[in-house]
Structures are given as C-alpha cells and as structure tokens.
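Each chain gets a letter, A, B and so on, in the order its sequence line appears, and its residues count up from 1.
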Amino acid sequence: MIDANLLRDNPDVIKASQRARGASESLVDDAVAADVSWRKALTDFETLRAEQNAKAKLVSSADKDSRAALIAEGQELATRVKAAEQLAAEAQTKLDEIIWQIENVVLAGVPSGGEDDYVVIREEGTKPTFNFELRDHVALGELLDVIDIERGAKISGSRFYFLKGWGARLELALMNMALDQAAQAGFTALITPTLVKPSVMAGTGFLGAHSDEIYYLPADDLYLTGTSEVALAGYHSDEIIDLSEGPLRYAGWSTCYRREAGSGGRDTRGILRVHQFNKLEMFSYIKPEDSEVEHQKLLAWQEQMLQKCELPYRVIDTAAGDLGSSAARKYDAEAWVPSQETYRELTSTSNCTTYQARRLNVRYRKENGKTATAATLNGTLATTRWLVAILENHQQEDGSVRIPVALRPYLGGAEVISPKQKN
RNA sequence: GGAGAAUUCGCCUAGUGGCCUAUGGCGCCAGCUUGGAAAGUUGGUUGGGUGCAAGCCCUCGGGGGUUCGAAUCCCCCAUUCUCCGCCA
C-alpha cells in the first residue's frame, strides 16, 4: 500500500509512477477524492461519538428526574452515531479499495516501458563453446538418470518431475551451499509454511491481477505459496521490530507451487517452468533509507552464488511496466542456457520499499522513539531451475557433467556426474 | 472430529455493566542519591487515527450484537492449553 501522506502531499509523484508502469493515473485522483470524503465522514462520526460519550457519562451521576431525559437523549444520539459510523466505514472501504490498487512508487532510475525495455547492467562469465552436439537439460537428465519427467507426468501431470539420484543430491547440495553462504552473511535460516491464510496472501500483494497463478484449497480456505517470500513477509506482520542493531535478514527455504496458468505453451519442455520446485529466498527487513544499499547487497550475494556455480550470466534492471505491484525496483540475474542460446532468469531481487510492510503492518522504532514503516526486500539465492543451467553449461562430450568446484564438498567430493554412474 | 479452559498495555497479573481516563509487579528509560555502581527513591513506559492546534475518536485476541453506557453480558471466528477419539 502506498503512503497516504504522499497521496495527500504529492499525488503527482504517484501519478508519474503509475504512468511509468503503464498503470492507471486516474486512480490517484480517485484516491485523493476518496481520502477527502473519508476524513469528512470520520470527523462527523467522531464528533457525534464524543457527544454521546459525554452524555452517557452524566447518566450515573444524574438525579432521578433528569436521568430519564438523559437516557432518552442518549437513545436518540445512539441511532445518529450508528448512522454516522456506517457512513465513515463505507467511506473507508471505498478508499481502501482504491488505494490498494495503486502500485508501489517506482524508484528514480528505473527504466520505463514494458517487459522488453529492461536495461542490461553487466554480463559476467564466459559462454561455453562446444565442439560437439550439445544436449539440452532434458536429454542430459535422461542420459544421466537425474531428471524423470515422464514419471512426473504419470503421477501428477505435465510440468511435474522427479529429481533422481545425483539430480536429487545436486539440488540439495545447491540449497545447502546457498544456505551456508546466507548464514555467513548473517541470514537466519527459516523453513516456512507453504500454506497461508488469505489475509497474508493479500498482504504480500499476490492476490491482485495474477491470482489465477496461485493454488487455492477451498476446503480449508488456504493458499499454496509460490515463494517463501509470502511467509517471510508475513513473519513480522503486525509487529514493531527492532532494527537498531541493523536489518533483520532471513533465508527462507520452501517448496514453491505455481499454477502457471498464464504461461500457455511456454517452456513446456523440461523443468524450466514447473508447478512445483524448491527455493532458497533471502528476505530483509530494513530502515527505508537503507533499502537501496541493501538491494545492491542482495544482488551481490546472488552473483556470488552464480559465480560459485561457474555460470555465465547477465544482470538486468527490469522496466517499470514489468515490476510486480509491490516492487519499486527489480534486478534479475539471468544465466546463459546453451540449448536455447539465450539468457534465462535464475534470480530476481526486488526492493519493495515500505509498500509491502505497510500492507502487513510491519513497523520499527526510530531513534526518536516514534514508529515508522519498515522496508522489505527479497531475492532468490537458489532454485531448482539452476539445475538447468548447471547441467547444460558444464556438460561434456560423453554426456557427463562436470560439477562446479564449490559444489563438490556438498556432494561427497564428486567431480563429475557420469551416464554410467549410479549412487 | 468431540469436550472443557484460556487470550488484558514487552512479560506476568487485578478487574463480572458507569468512580476503567485499566490495577499491581517485572523489565526498560529518565531524575535524585553515589567517587562510580548496586540498593533505595521519584516520575515515565500499548499503539493507531484525525486535526494548524488545543483536543477528540479508536484500541482489553478478531468481528458482530444487547445497552444511554461493555474489558465485563450475548453470538460467530481465530489461536493456545488439557482430556478423549482418529491417524501417514
């Protein structure tokens, strides 16, 4: 949710942001008007309520004669108060409906435009060249007996899979390496619930336009989360957290569930886009003024992981129109996928400034003792999808895959995954 | 799934219709005291909304109701605990 004070003092800033996103500008005018109506209705109600409170207080000390009259007055006031309260509540509902639709104010420097208007910040690593016919991760997965897509479909349908043998171990190794790195950087590990209440899902901003992407369990009124970000953001909801010793950083591990309803026939081959995968997610609660520095740190940690996996990648600054509603800025790191001869997203990090925290009511105490809304940031540190890039980039002519050096300690020292090898 | 109990300002706790503008303790903050501390002592200490401000309104797990008036009475929901039942 955007800052109501900003809406009152400087609606043009919000309009400019909406424009950059290609979102509705008139929504801002509607919100300003609704805000004025609400405050008027609220004042009316509170004035009447004050009168009612004062009258009610007189009753107990009144003598018999005036008592009956006071009670009659009180009865009359009570109906007026009820009506005024109703109006105020309606005005607030209307304001909420509008204000919740306004997306986060994008930060200065974010490229304007849509999905294809990203700016490439840098490219790192060397793309591999193969003097043999390269295999894609599906072929490698079959050859090495590490990914079983056929049986995944048999059990659960398309976009499901089994990770098997070294494939399963590779994913756990990757997650462990990421977790170690995160712990060294001061993150607290959290294994999070993957079923959450509607209020939490709404608070994190995932129940908006893309709610059909989310699995829902009607029998229990619970949502399956597509990222542990949901649980991590909800973790401190309705709390006043202590940021005096620095930011609170969590590394949340969870399985993630996505319906992929909008993705049509895209990426149907392999495990690039699946309904279920695992992810280690970084999440920071921080003072708003430090959020942009933290964002760079999250990105640096992501790049560190990509480098440990010896993957060629590039970093892009996502355009305003392609930001999620909570994000004020987003960087994606995309790894080179040889079989597709293109870069594919492996990590994403968003600075949600105070937008998400305001919805979830996460505050901290400033040095002057006042409370203020915290800022939240998130960023991927490892996902199942990384296996695609690792397998493809490190494949060798005989179909074996060289294990990146940094990962070997997590795989019992193994240096290569070979077709003939069983574990 | 069934039965019972509980939920009060960071923690514990008093409070069964108006004097609750919520008691007391612990913790924390500040003052006094001290060479400095401890002890002692005095004061402060839930948050939110609105308003230029004084102020006013809301906040006793959440929502609704009864009443002139609700922490207190009624209903629904959530969470926790105990017991029973079932179960990977």
Does U80(B) have a Watson-Crick or wobble mate here (both distances under 3.5 Å), and if so which one?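 The answer is A5(B), by the H-bond criterion.
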Counterpart base for C52(B), defined by Watson-Crick or G-U wobble contacts under 3.5 Å: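 By the stated definition (distances under 3.5 Å), nothing pairs with C52(B).
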Measure all distances between protein nitrogen or oxygen atoms and nitrogen or oxygen atoms of nucleotides 15-22 of chain B, and list the pairs falling under 3.5 Å.
from   : atom 1 : to       : atom 2 : distance (Å)
G18(B) : N2     : Ala56(A) : O      : 2.7

Roughly how many Å is it from CG in Asp238(A) to P in U59(B), rounded to a whole number?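 In whole Å, U59(B) P and Asp238(A) CG are 17 Å from each other.
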Is a salt bridge present between [X] and [Y], judged by a nitrogen-to-oxygen distance below 4.0 Å?
X: Arg159(A); Y: Asp267(A); value: no
X: Asp242(A); Y: Arg365(A); value: no
X: Arg21(A); Y: Glu103(A); value: yes
X: Arg402(A); Y: Glu310(A); value: yes
X: Lys279(A); Y: Glu281(A); value: yes
X: Lys94(A); Y: Glu90(A); value: no

Can you tell me how far [atom1] in [N] sits from the matching atom in [M], rounded to whole Å?
N: A38(B); M: U34(B); atom1: C1'; result: 10 Å
N: A3(B); M: C58(B); atom1: C1'; result: 37 Å
N: U79(B); M: U8(B); atom1: C1'; result: 16 Å

Have a look at Lys82(A) and say if it touches a base, only the backbone sugar-phosphate, or nothing, with a 4.0 Å heavy-atom cut-off.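 Counting heavy atoms under 4.0 Å across all strands, the contact made by Lys82(A) is with sugar-phosphate only.
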Which part of the nucleic acid does Glu76(A) contact within heavy-atom distance under 4.0 Å: base, sugar-phosphate only, or nothing?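 No contact.
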Would you tabulate the pairs of protein nitrogen or oxygen atoms and nucleotide nitrogen or oxygen atoms of nucleotides 8-10 of chain B closer than 3.5 angstrom?
none

Please write out each protein N/O paired with an N/O of nucleotides 45-50 of chain B under 3.5 Å, distance rounded to 0.1 Å.
from   : atom 1 : to        : atom 2 : distance (Å)
G47(B) : OP1    : Arg365(A) : NH1    : 3.2
G47(B) : OP1    : Arg365(A) : NH2    : 2.5
G47(B) : O3'    : Arg363(A) : NH1    : 2.9
G47(B) : O2'    : Arg363(A) : NH1    : 3.3
G48(B) : OP1    : Arg363(A) : NH1    : 3.3
G48(B) : OP1    : Thr371(A) : OG1    : 2.0
G49(B) : N2     : Glu46(A)  : OE1    : 3.0
U50(B) : OP1    : Arg8(A)   : NH1    : 3.1
U50(B) : OP1    : Arg8(A)   : NH2    : 2.8

